[in-house]
Amino acid sequence: MDVTLPILVLGLILLIHLTFVNINIGLGFYSLILRFISLRRSEVARTARKVFKFLVATEVVSGVYGTMITVVLAGLFPTLVNIAATILFIPLIISILGILIRLTSIVAYWYTWDRVNVKTHLSIGIVMAVSGLMIPGGFRYIFALINNPVGLKSLTPLLGDPIEALFNPVYPPLLLHTWIGALSIGFLTAAAGLSWTSRRSGEDLEWSRHASLLGSLMIIPQGIVGFWFWSTLSFHSRYLFNSINKSFLPVGESSIDMGHSFLGMVLLAIVILVMGVAYYYKPDKKVAYILPSLAIISLILGEIAHDVGRLPYMVIIGEKGIEASAFLNKLIIIDPILIGVGVASILIMTGVFLILLYHYLAKGFLQ
């Protein structure tokens, strides 16, 4: 059975989900930073609240697409879900707890604003921000496992060591790269939103500039951790390393060349660093609006290089692996027309949400 269509559907939903999750994590931290600053400058609390409203407006879509990923994986790739649930049940529990705490703390943070003392409110905000990190903290173990199946002993019968799986060498740099990237994208999104609201509230421009500077400077540690992840792949996930370096390094064989996506991600990161710092010193609304778009494109290129670069394998073992078709649900009939309708529905739904989000911002709800 051809796995192309199922992979495309899963990839599309995953990219949309990751985009909004990254934005939400960064927005949560920036709102909390501004709330801390409001202890010294009370007027900044208003800006902190605007950023948090932005988070609330986008939080729902990440949850919806997260649910869609679960459904698609369970329906189309049940074997992979079985492996993850068996070998990685500890990290998955952490992610589930993170989701529960995150949603609860978001509601609590919103409804206790100005209703409890500031220190109590900040404590809730810290829980809200940190719980956002717990979610990728667990789920990134799945990507580490399929890059380097530490803890997986056998597929038939399914045998593994959940404790050994926790010490996957691919995991630490992958997680740190994810966290830093999320902060960068979220801060740059906050910069764009506050640049928009600065038309009516000039003080927001100051915090737009700071958000841009923070978001762009995050590129530096992200590049360092990215190099760590890149070098780790060279030892523990050789096939993927070959795929993302095939265009410009003398590496081993791979069935696919994702060097263009990898290089595009790196070049965009450099552009974001330069533009973000330039915006801080000389604010230009057009630059503020472009920055999060470039960051999202860079994220997408990186995920495409990382995920498509493993094909035709789903799980990589050195320079070979287990093909994706081995994990596909053979009982489901993959109808191209039905898949096309599903993909079109996803795109339409996403487009409607973006239009509504634009009107939410444009009509002044962040003012």
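Sequential numbering from 1 along the given sequence is applied to the chain's residues.
With no hydrogens or angles considered, a side-chain donor-acceptor pair links Thr58 and Asn24 at under 3.5 Å. For the 3.5 Å distance criterion, the side chains of Ser38 and Arg35 qualify, holding a donor opposite an acceptor.
Looking only at distances, no side-chain donor or acceptor of Lys246 sits under 3.5 Å from a matching main-chain atom of Ile256. With hydrogens and angles ignored, the 3.5 Å screen pairs a side-chain donor or acceptor of Ser95 with a backbone N or O of Gly138. Proximity of a side-chain donor or acceptor of Tyr239 to a complementary backbone N or O of Leu311 within less than 3.5 Å is detected. Between the side chain of Asn22 and the backbone N or O of Leu18 there is at least one donor-acceptor pair closer than 3.5 Å. Checking side-chain atoms of Ser298 against main-chain N and O of Ala295 turns up no donor-acceptor pair under 3.5 Å. Proximity of a side-chain donor or acceptor of Asn242 to a complementary backbone N or O of Val251 within less than 3.5 Å is not detected. Put simply, the side chain of Ser212 gets close to the backbone of Gly276: a donor and an acceptor are under 3.5 Å apart. Of the possible polar contacts, none joining the Thr112 side chain to the Arg115 backbone as a donor-acceptor pair under 3.5 Å is found. Of the possible donor and acceptor atoms, one in the side chain of Ser31 sits under 3.5 Å from a partner among the backbone N and O of Ala48. Counting only distance, with no hydrogens or angles, the side chain of Asn168 and the backbone of Tyr141 share no donor-acceptor pair below 3.5 Å.
A distance of 9.5 Å separates CD1 in Ile37 from OG1 in Thr47, rounded to the nearest 0.5 Å. Atom CG of Leu152 and atom CD of Glu164 lie 10.0 Å apart (nearest 0.5 Å). Taken from OG in Ser255 to CZ in Arg310, the straight-line distance is 13.5 Å, to the nearest 0.5 Å. Separating the CD atom in Glu206 from the OH atom in Tyr280 is a distance of 8.5 Å, to the nearest 0.5 Å. To the nearest 0.5 Å, atoms CG (Leu32) and CD1 (Ile126) are separated by 6.0 Å. Expressed to the nearest 0.5 Å, how far CG of Leu299 lies from CG of Leu294 amounts to 12.5 Å.
When all heavy atoms are compared, the tightest approach of Pro91 to Leu166 is CG-CD2, 3.7 Å. Taking each heavy atom of Ser247 and His260 in turn, the nearest pair found is OG-N, 4.0 Å. Nearest approach of Met265 to Leu301, heavy atoms of both residues: N-CD1, 3.8 Å. In plain terms, the two heavy atoms of Ser216 and Ile272 that are nearest each other are CB-O, 3.6 Å. Between Met218 and Leu183, the closest heavy-atom pair is CE-CD1, 4.0 Å. Met314 and Ile146 get closest at one heavy-atom pair: O-CB, 3.4 Å.
Between Trp196 and Tyr289, the angle of the ring planes lies from 30° to 60°, which puts this pair in the tilted group. Under the 30°/60° scheme for interplanar angles, the aromatic rings of Phe143 and His306 are found to be tilted.
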| task | Go through the steps for Phe327 and Ile83 under the test side chain to side chain contact (heavy atoms under 4.5 Å, CB included), then give the verdict. | result | CA-CA 10 Å; Phe327 300 91; Ile83 293 170; 3.6 Å; yes
| request: Could you walk me through whether Arg49 and Asp114 pass side chain to side chain contact (heavy atoms under 4.5 Å, CB included), step by step? | output: CA-CA 11 Å; Arg49 196 161 188 165; Asp114 293 334; 3.5 Å; yes
| Verdict with reasoning, Phe89 to Leu92, per side chain to side chain contact (heavy atoms under 4.5 Å, CB included) | CA-CA 5 Å; Phe89 67 89; Leu92 292 180; 5.5 Å; no
| request: Let me see the working for Leu194 and Leu205 under side chain to side chain contact (heavy atoms under 4.5 Å, CB included), right down to the final yes or no. | output: CA-CA 6 Å; Leu194 292 176; Leu205 184 60; over 6 Å; no
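Residues Ile90 and Ile163 meet the side-chain proximity criterion, which asks for heavy atoms closer than 4.5 Å. Using a 4.5 Å heavy-atom cutoff, the side chains of Ile316 and Asn148 are not in contact. In this structure, the side chains of Leu214 and Phe29 stay at 4.5 Å or more apart for every pair of heavy atoms. Side-chain atoms of Val21 and Ile135, non-hydrogen and from C-beta on, never get closer than 4.5 Å to each other. Residues Ile244 and Trp230 are in side-chain contact: their nearest non-hydrogen atoms beyond the backbone lie under 4.5 Å apart. Looking at heavy atoms from C-beta onward, Tyr279 lies in side-chain contact with Ser208 at the 4.5 angstrom threshold. Two residues are said to be in side-chain contact when any heavy atoms from C-beta on lie closer than 4.5 Å; Phe139 and Ile142 meet this criterion. For the pair Val51/Leu55, no side-chain contact is recorded, criterion being any heavy-atom separation below 4.5 Å from C-beta on.
Dense packing is recorded around CD of Glu43, with more than 12 heavy atoms of other residues, nucleotides or ligands lying under 6.0 Å away. Atom NZ of Lys153 has more than 12 neighbouring heavy atoms from other residues, nucleotides or ligands inside a 6.0 Å radius. The environment of Phe248 atom CZ is dense: over 12 non-hydrogen atoms of other residues, nucleotides or ligands sit within 6.0 angstrom.
Under a hydrophobic-cluster definition in which Ile, Leu, Val, Met, Phe, Trp and Tyr are linked whenever side-chain heavy atoms come within less than 4.5 Å, directly or via other members, Trp228 and Val150 are assigned to different clusters. No path of Ile, Leu, Val, Met, Phe, Trp and Tyr side chains, each step under 4.5 Å between heavy atoms, connects Phe235 with Tyr313, placing them in separate hydrophobic clusters. There is no path of hydrophobic side-chain contacts, each under 4.5 Å, that joins Leu100 to Val64. Hydrophobic clustering of Ile, Leu, Val, Met, Phe, Trp and Tyr side chains at less than 4.5 Å, counting indirect connections, unites Ile94 with Leu97. Val274 and Val266 are assigned to two separate hydrophobic clusters, defined by single-linkage of ILVMFWY side chains at heavy-atom distances under 4.5 Å.
Annotation: side chain to side chain donor-acceptor pair (under 3.5 Å) contacts involving residues 175-193, sequence neighbours excluded, comprise Arg140-Thr178.
The six-membered or imidazole ring of Phe187 lies near that of Tyr30, with a centre-to-centre distance under 6.0 Å.
Results of the ring pair (Phe, Tyr, Trp, His ring centres under 6.0 Å) test with His121 over Trp110, Tyr111, Tyr109, Phe36 single out Tyr109 as the only residue that passes.
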Show me, pair by pair, the donor-acceptor contacts under 3.5 angstrom made by side chains of residues 340-357, not counting sequence neighbours?
| residue | atom | partner | partner atom | Å |
| --- | --- | --- | --- | --- |
| Ser345 | OG | Val341 | O | 2.8 |
| Thr350 | OG1 | Tyr65 | OH | 2.2 |
| Thr350 | OG1 | Ile346 | O | 2.8 |

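Arg102 pairs by the salt bridge (charged side-chain N to carboxylate O under 4.0 Å, His left out) definition with Glu59, not counting sequence neighbours.
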